[in-house]
Amino acid sequence: MKPLYKIIGIFVLLLLPYCGGSVRGYAQELNATVTINTQQIDASLRPRFETLKESLEEFINSQQWTGAQFATIEKITCSFAITVNEVVQSDVYKVSITVQARRPVFNATYQTILINWRDDVVTLPYQEGENLTYNEFNLDNELIATIAYYAYLVLGLDFDSFSNLGGEQYLRKCESIVSQMQSSDSKGWKAFDSKTNRHALITALLDPNQQGFRELWYNYHRQGLDQMAQSVDKGRSQVSSTFEQLKAVRSADAMTPLLALFINAKLDELVNIYSEAPMTEKKSIYDLLSDLFPTYSRQLAPIKEEYKE
């Protein structure tokens, strides 16, 4: 099923010629920006990463990741912030990557964060000027595999937010990438390396016992945020109802990375959502969220405060 905002986007595009606008036609799915921080390595090595930045943006934005048709205005806004931490050997680097993506809220100018995820264990082999190509059936390049994994993760979470379990085929692409990278010597691809690595994250998202997370993802966005333009109270109530699903996910796996996936993206938004809620609701939501995310109690504290003009 085509997500609602994409249907709306196409409707807007049909009107553009009558409003003096122009349409470029269908485009690839992602509107990505790439930044690369090279301050921790020798200055003589930094110019090659300027080339990499341009190559990665071209690769991500020109790749046809899905079979769906995206109009230009429907592209998913996302960013890949790479920090080069260490030179392992010639043309091999240890880097961290922070991936962020946003999704429009229906009938609003506001865009909600879908993912704000930091991966600190990435080995990046790169020779300046090398051609970046993706072959999903023959994948052995660490850089391409990592970028493709996160591109499909963004797509999976986006489609899940518009249709219940709608991102399944894209999350399965992540699973396939992880499977192909099992022969890699690099960390991040294997079970038990970490509870928050690429393997752990996609395994949790596809775990039937944790499927409640993806269902709450749809309810939170489509039934909650997207309804707030019509009724703030009803939308907020639907958002609140998703926290019981989070508790169920935690019960299924107390160490699940899905809790971190949620709070990393939604912390500031939750504080804003409940800023004008009735005081009794504020306190109950604060208690519930503090139980789910005890290390974030201080950041969640504004939820229970009295609202002031």
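Nothing here was measured: the structure is a model prediction, and the numbers come from that model.
Screening residues 267-289 for ring-ring contact (aromatic ring centres under 6.0 Å, His included) gives no qualifying pairs among residues at least two apart or on separate chains. Sorted by first and then second residue, the salt bridge (Lys or Arg N to Asp or Glu O under 4.0 Å) pairs with a member in residues 79-98 read R48-D91; sequence neighbours excluded. Residue pairs satisfying the salt bridge (Lys or Arg N to Asp or Glu O under 4.0 Å) criterion with at least one member in residues 192-213, sequence neighbours excluded, are listed as follows: D119-R198. Residue pairs meeting the salt bridge (Lys or Arg N to Asp or Glu O under 4.0 Å) criterion with at least one partner in residues 161-176, sequence neighbours excluded, are E136-K173, E168-R172, E168-R214, R172-E175. Applying the ring-ring contact (aromatic ring centres under 6.0 Å, His included) rule to pairs touching residues 178-205 yields nothing, sequence neighbours excluded. The stretch residues 235-250 participates, sequence neighbours left out, in these salt bridge (Lys or Arg N to Asp or Glu O under 4.0 Å) pairs: D233-R236, R236-E281, E244-K247, R250-D291.
The existence of a salt bridge linking R102 and D158 is excluded, since no basic side-chain nitrogen approaches an acidic carboxylate oxygen closer than 4.0 Å. The pair E57-K53 counts as a salt bridge, with a side-chain nitrogen and a carboxylate oxygen less than 4.0 angstrom apart.
In this structure, L139 and A145 approach most closely via the heavy-atom pair CD2-CB, 3.9 Å. The two residues A32 and N61 make their nearest non-hydrogen contact at N-OD1, 2.7 Å. Considering every non-hydrogen atom in both E142 and S184, the closest pair reads OE1-OG, 2.9 Å. In terms of heavy atoms, Q238 sits closest to S241 at O-OG, 2.6 Å. Contact record, V271 with P302: CG1-CB, 3.8 Å, taken as the closest heavy-atom pair.
No option in F159, F70, F59, Y149 other than F59 meets the ring pair (Phe, Tyr, Trp, His ring centres under 6.0 Å) test with W65. Applying side-chain contact (heavy atoms from CB on, under 4.5 Å) to I147 and the options V34, I60, N141 leaves one that passes, I60.
In this structure, the separation between CG on L52 and CD on Q127 is 12.5 Å, given to the nearest 0.5 Å. The CG atom of L157 sits 6.0 Å away from atom CG of L205, with the distance rounded to the nearest 0.5 Å. The structure places OG of S161 at 10.0 Å from OH of Y218, a figure rounded to the nearest 0.5 Å. For the atom pair D120 CG and N85 CG, the distance stands at 7.5 Å (nearest 0.5 Å). Rounding to the nearest 0.5 Å gives a distance of 7.0 Å between OG of S183 and NZ of K190. Rounding to the nearest 0.5 angstrom, the gap separating the OG atom in S55 from the CZ atom in F49 is 12.0 Å.
By the 4.5 Å heavy-atom criterion applied to side chains, T83 and T98 are not counted as neighbours. At least one side-chain heavy atom of L114 sits under 4.5 Å from a side-chain heavy atom of W217. Looking only at side-chain heavy atoms (C-beta outward), V154 and I76 come within less than 4.5 Å of each other. I273 places a side-chain heavy atom less than 4.5 Å from the side chain of L225. Looking only at side-chain heavy atoms (C-beta outward), D226 and N107 stay at 4.5 Å or farther from each other. Contact check for I115 versus L153: side-chain heavy atoms found under the 4.5 Å cut-off. Residues S96 and V122 have side chains not in contact (no heavy-atom distance under 4.5 Å, counting atoms from C-beta outward). Contact of the F243 side chain with the L270 side chain is registered, since non-hydrogen atoms from C-beta on lie closer than 4.5 Å.
A donor-acceptor pair under 3.5 Å is absent between the side-chain atoms of K234 and the main chain of Q227, judged by distance alone. Of the possible donor and acceptor atoms, none in the side chain of T203 sits under 3.5 Å from a partner among the backbone N and O of A200. Of the possible donor and acceptor atoms, none in the side chain of N209 sits under 3.5 Å from a partner among the backbone N and O of A252. Without hydrogens or angle criteria, S297 side chain to P294 main chain gives a donor-acceptor distance under 3.5 Å. Side-chain atoms of N37 do not come within 3.5 Å of backbone N or O of V84 as any donor-acceptor pair.
Note on L45: it clusters hydrophobically with I36, by side-chain heavy-atom contacts below 4.5 Å among ILVMFWY residues. Taking hydrophobic clusters as Ile, Leu, Val, Met, Phe, Trp and Tyr residues chained together by side-chain heavy-atom distances below 4.5 Å, I41 does not share a cluster with V121. M228 and Y110 fall within the same hydrophobic cluster, where Ile, Leu, Val, Met, Phe, Trp and Tyr residues are linked whenever their side-chain heavy atoms come under 4.5 Å apart, directly or through other members.
Looking at residues two or more places apart in sequence or on another chain, you find no side chain to side chain donor-acceptor pair (under 3.5 Å) involving N138. Under the rule for a side chain to side chain donor-acceptor pair (under 3.5 Å), the partners of E215 that lie at least two apart in sequence or sit in another chain are Q211. By the side chain to side chain donor-acceptor pair (under 3.5 Å) test, T77 is found to be paired with no residue, residues two or more places apart in sequence or in another chain being considered.
Note: Y170 and Y152 have parallel aromatic rings, judged against thresholds of 30 and 60 degrees for the angle between ring planes.
The hydrophobic cluster containing F137, built from Ile/Leu/Val/Met/Phe/Trp/Tyr side-chain heavy atoms closer than 4.5 Å, comprises no other residue. Applying the under-4.5 Å side-chain rule to Ile, Leu, Val, Met, Phe, Trp and Tyr, the cluster around V92 extends to V88.
Side chains of Q28 and S62: no donor on one and acceptor on the other come within 3.5 Å. For S79 and Q100, the side-chain atoms include no donor-acceptor pair closer than 3.5 Å. For the residue pair T51 / E128, a side-chain donor-acceptor distance below 3.5 Å is found, with atom types taken as modelled. Q245 and T242 form no side-chain donor-acceptor contact under 3.5 Å, judged by distance and modelled atom types alone.
Enclosure of atom CG in D42 by more than 12 non-hydrogen atoms of other residues, nucleotides or ligands within 6.0 angstrom is indicated. The environment of CD in Q230 is sparse: at most 12 heavy-atom neighbours from other residues, nucleotides or ligands sit within 6.0 Å.
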Side chains of residues 256-267: which donor-acceptor partners sit under 3.5 Å, not counting sequence neighbours?
| residue | atom | partner | partner atom | Å |
| --- | --- | --- | --- | --- |
| T256 | OG1 | Q210 | OE1 | 2.5 |
| T256 | OG1 | L258 | N | 3.2 |
| N264 | OD1 | Y296 | OH | 3.4 |
| N264 | ND2 | A260 | O | 3.2 |
| K266 | NZ | T112 | OG1 | 2.6 |
| K266 | NZ | I113 | O | 2.7 |
| K266 | NZ | H221 | NE2 | 2.9 |
| K266 | NZ | E269 | OE1 | 3.4 |

Test log, rule salt bridge (charged side-chain N to carboxylate O under 4.0 Å, His left out), inputs K282 and D287:
CA-CA 9 Å; K282 285 171 173 276; D287 290 342; over 6 Å; no

Q. Between E74 and Q69, does a side-chain contact (heavy atoms from CB on, under 4.5 Å) hold up when you go through it step by step?
A. CA-CA 9 Å; E74 299 175 305; Q69 289 184 317; over 6 Å; no

Fill in: side-chain contact (heavy atoms from CB on, under 4.5 Å) between Q63 and E29, intermediate numbers included
CA-CA 8 Å; Q63 178 73 29; E29 305 88 342; over 6 Å; no

